[in-house]
Enquirer: 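Have a look at this one before I ask anything.
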Protein chains: 2
Amino acid sequence: MATIRDVSKLAGVSVATVSRVLNRSGYVHEETERKVLRAIKELSYTPNFVARSLSNKKTSTIGLMVPDITNPFFPELARAVEDVMQLYGYTTILGNSDESVEKEKQYVEVLKQRYIDGVILASTALTADEVHKFGVPVVVLDRALTSDTIPMVTSKNREGAREATRFLLAQGCRKIAHLRGPAQLLNADERCQGYLDIVEQTDWFHPGLVVAGNYEMKQATDATLALLKKYPDIDGIFAGNDMMAIGALRAAQILGISIPDKLAIVGYDGITMGEVVYPELTTMAQPIYDMGALAARMLIKMIEKQPLDTLYYELDVQLIERGTTRKV
Amino acid sequence: MATIRDVSKLAGVSVATVSRVLNRSGYVHEETERKVLRAIKELSYTPNFVARSLSNKKTSTIGLMVPDITNPFFPELARAVEDVMQLYGYTTILGNSDESVEKEKQYVEVLKQRYIDGVILASTALTADEVHKFGVPVVVLDRALTSDTIPMVTSKNREGAREATRFLLAQGCRKIAHLRGPAQLLNADERCQGYLDIVEQTDWFHPGLVVAGNYEMKQATDATLALLKKYPDIDGIFAGNDMMAIGALRAAQILGISIPDKLAIVGYDGITMGEVVYPELTTMAQPIYDMGALAARMLIKMIEKQPLDTLYYELDVQLIERGTTRKV
DNA sequence: CTGTTAGCGCGTTCAA
DNA sequence: TTGAACGCGCTAACAG
């Protein structure tokens, strides 16, 4: 690998000059620039990022922490982040935290040793304080922590949940249950709240219609089986995420309940899996890709010290009507 | 951030000595070591990887190139790679190539600038020659290129396809079709070959039973719709991957063909999506996680200049019987 | 406009 | 067993 020194010799100039044309910093005579460029081409020189990083303290590398890339919500997010980063000349390091606060902190430490420029935390369980201590630019994605100083992007969980529930009502459902997500997660709370906003005042509502879940399919299947056994007159289910909605669908299929005629189901997320089940899942879709891309853009701005016009983005969600609800 | 110099001052020794205890290289008096360790702790010093990399030419970072992390086969692979890398103190950079040879090459160049230690290429379209030119350790995963000098891990595609087809036969299927993968991919060829090995000599076989596909669901649905219309007596389908198998299942559902009674389906891969459809997909499962983990281990060995006992691993596949085939 | 030189933080001879 | 000093490749003053 040729170095900047080789180039400077071949071009008959100093390394500083080469550095200048490389970084478009400072003045360089046109003629000189041409010579340098020619030398660069001839040696097929490419600057060494590590050396540059050492003096710069900038690596053009960011970290993306997800709970588990295997969880169907995150690949699309990761894709979006990577796409944008790539576009701006950044490289992205992937980390799985398994929802463990410890692993997450530890990972960030490792990344800091490597002079990482910034971090995107998807679905973190960290507190705002802990995040501040990192000392590197951070954007938080999805399951937000509560803070008005940390840049964040989410979707309109509560409003989306309301809309989904209203939709079920409009479909003619007269007893709607909710499979809620894990208690520690803010977004699970918000979605549950949205559901309650709509149904709490109805004459048929009672707390037994809200069932605890963990965002996973298997558990949701079992829970739904039990739920439908106890309350056979339930004719609508709003699930806190798509995986649980699919779990509910599975339960209905096991019980031979016809979907969507006897039971309508609406999920939340808009992951691809909703399209492979049959009937296909009606869902309140988050703009997953957009969320990732936006977070990436925000982070880049922070890294490059540009001002953020908004610190907190709450993106719109959109109902996608498919087979698990009736056409109206 | 404290530097090695700060530590050396506090401990009253030279930076060389600190370096020695840090890397367990050379002799250090026990007493001296204690002093150094104490200073390190006191300053909560942690070595700067970038500086270390510059003199080392080693970054403890590897690149993982996948066609698209959004494709359900790859998250599990990525997870495995990341887990192992993490375990050995490496960090992994994720890249999506979109199957483009150009993007892939370009990405590797970027990574080389960053002194990446090695690369795992999942499903590459590069030739052996091109890979050699990289000049960094490489392990190729999944859709192998043909070369006996590049370390590689795959699964027993041909044998697995045979077994899957035989299984369908044993189920009593009397006319089995095959949805094959893209022509450029070696593994698609191998799986198709395996299918042919079994059925070519039967009296019912004819080339019309092999249908071209692209490993995607939508196209497989359409293809299957057409296929079943043309040959209504098909009672078994072996798909080149799970997504196409799910597409076939969807086609059957649309046509109201009862699965598995009238039509049995077997996929290939063992991705999680096979478990969310109903009936659940019978599939010839690859040990995806193991493949990723193995590739990661191989790469680490190469990086650390340890000898590889085997250059080419072909892991066993395993039939997972689920709902799209009858119980025998 | 251009060159010299001092860091960036750490590893590694080479002497002592 | 320890320390001084140079090199890794590049950026950024500071002089000219």
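No hydrogens, no waters, no symmetry mates; every other heavy atom, side chains included, goes into these values. Quick note on labels: first sequence line is chain A, next is B, and so on, each numbered from 1.
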Enquirer: So Ile93(B) and Thr61(B), do their side chains get closer than 4.5 Å, heavy atoms only?
Expert: yes
Enquirer: Write down the distance between CE (Met1(B)) and P (dG7(C)), rounded to a whole number of angstrom.
Expert: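 Value for this atom pair: 22 Å.
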Enquirer: Would you mind writing out the side-chain donor-acceptor pairs for residues 26-38 of chain A within the sub-3.5 Å range, not counting sequence neighbours?
Expert:
| residue | atom | partner | partner atom | Å |
| --- | --- | --- | --- | --- |
| Glu31(A) | OE1 | Arg34(A) | NH2 | 2.8 |

Enquirer: Have Ser60(A) and Arg52(A) got a donor and an acceptor in their side chains that come within less than 3.5 Å?
Expert: no
Enquirer: Less than 3.5 Å apart, any donor N or O on the side chain of Glu104(A) or Thr124(A) sitting next to an acceptor on the other?
Expert: yes
Enquirer: Enter the distance from Ile303(A):CD1 to Tyr90(A):OH here, rounded to the nearest 0.5 Å.
Expert: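 If we round to the nearest 0.5 Å, Ile303(A):CD1 and Tyr90(A):OH are 4.5 Å apart.
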Enquirer: Give me each pair satisfying side-chain hydrogen bond (donor to acceptor under 3.5 Å, both in side chains) with a member in residues 287-299 of chain A, each pair once, sequence neighbours excluded.
Expert: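 Output for this query lists Asp83(A)-Tyr289(A).
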Enquirer: Per the end-axis method with five pairs at each terminus, what is the bend angle of the helix from dC1(C)-dG16(D) to dA16(C)-dT1(D), to 10°?
Expert: 40°
Enquirer: Closest heavy-atom contact between Met302(A) and Pro151(A)?
Expert: SD-CG, 3.6 Å
Enquirer: Decide whether Tyr115(B) and Lys57(B) meet the rule of one side-chain donor and one side-chain acceptor closer than 3.5 Å.
Expert: yes
Enquirer: Does the side chain of Tyr215(B) pick up a donor-acceptor pair with the side chain of Asp269(B) at under 3.5 Å?
Expert: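 Side chains of Tyr215(B) and Asp269(B): no pair found under 3.5 Å.
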Enquirer: Of all nucleotides in DNA chain D with an atom under 4.0 Å from a non-hydrogen atom of chain A, which is the first and which the last going 5' to 3'?
Expert: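 Terminal contacting nucleotides, 5' to 3': dG9(D) to dA13(D).
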Enquirer: Looking at residues 18-41 of chain A, who's got a heavy atom less than 4.0 Å off DNA chain C?
Expert: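 Those residues whose heavy atoms fall under 4.0 Å from DNA chain C, taken from residues 18-41 of chain A in numerical order, are Arg20(A), Tyr27(A), Val28(A), His29(A), Thr32(A).
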Enquirer: Is a side-chain donor or acceptor of Thr127(A) paired with a backbone partner of Glu130(A) at a separation under 3.5 angstrom?
Expert: yes
Enquirer: Say you draw a straight line from CG of Leu77(B) to CG of Leu64(B); how long is it, rounded to the nearest 0.5 Å?
Expert: 7.0 Å
Enquirer: About how many Å separate CG of Leu141(B) and CE of Met291(B), when rounded to the nearest 0.5 Å?
Expert: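 The CE atom of Met291(B) sits 5.5 Å away from the CG atom of Leu141(B).
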Enquirer: Let's see if you get this right: which residues in residues 44-60 of chain B place a heavy atom under 4.0 Å from DNA chain D?
Expert: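 Contacts with DNA chain D under 4.0 Å: Leu54(B), Ser55(B), Lys57(B).
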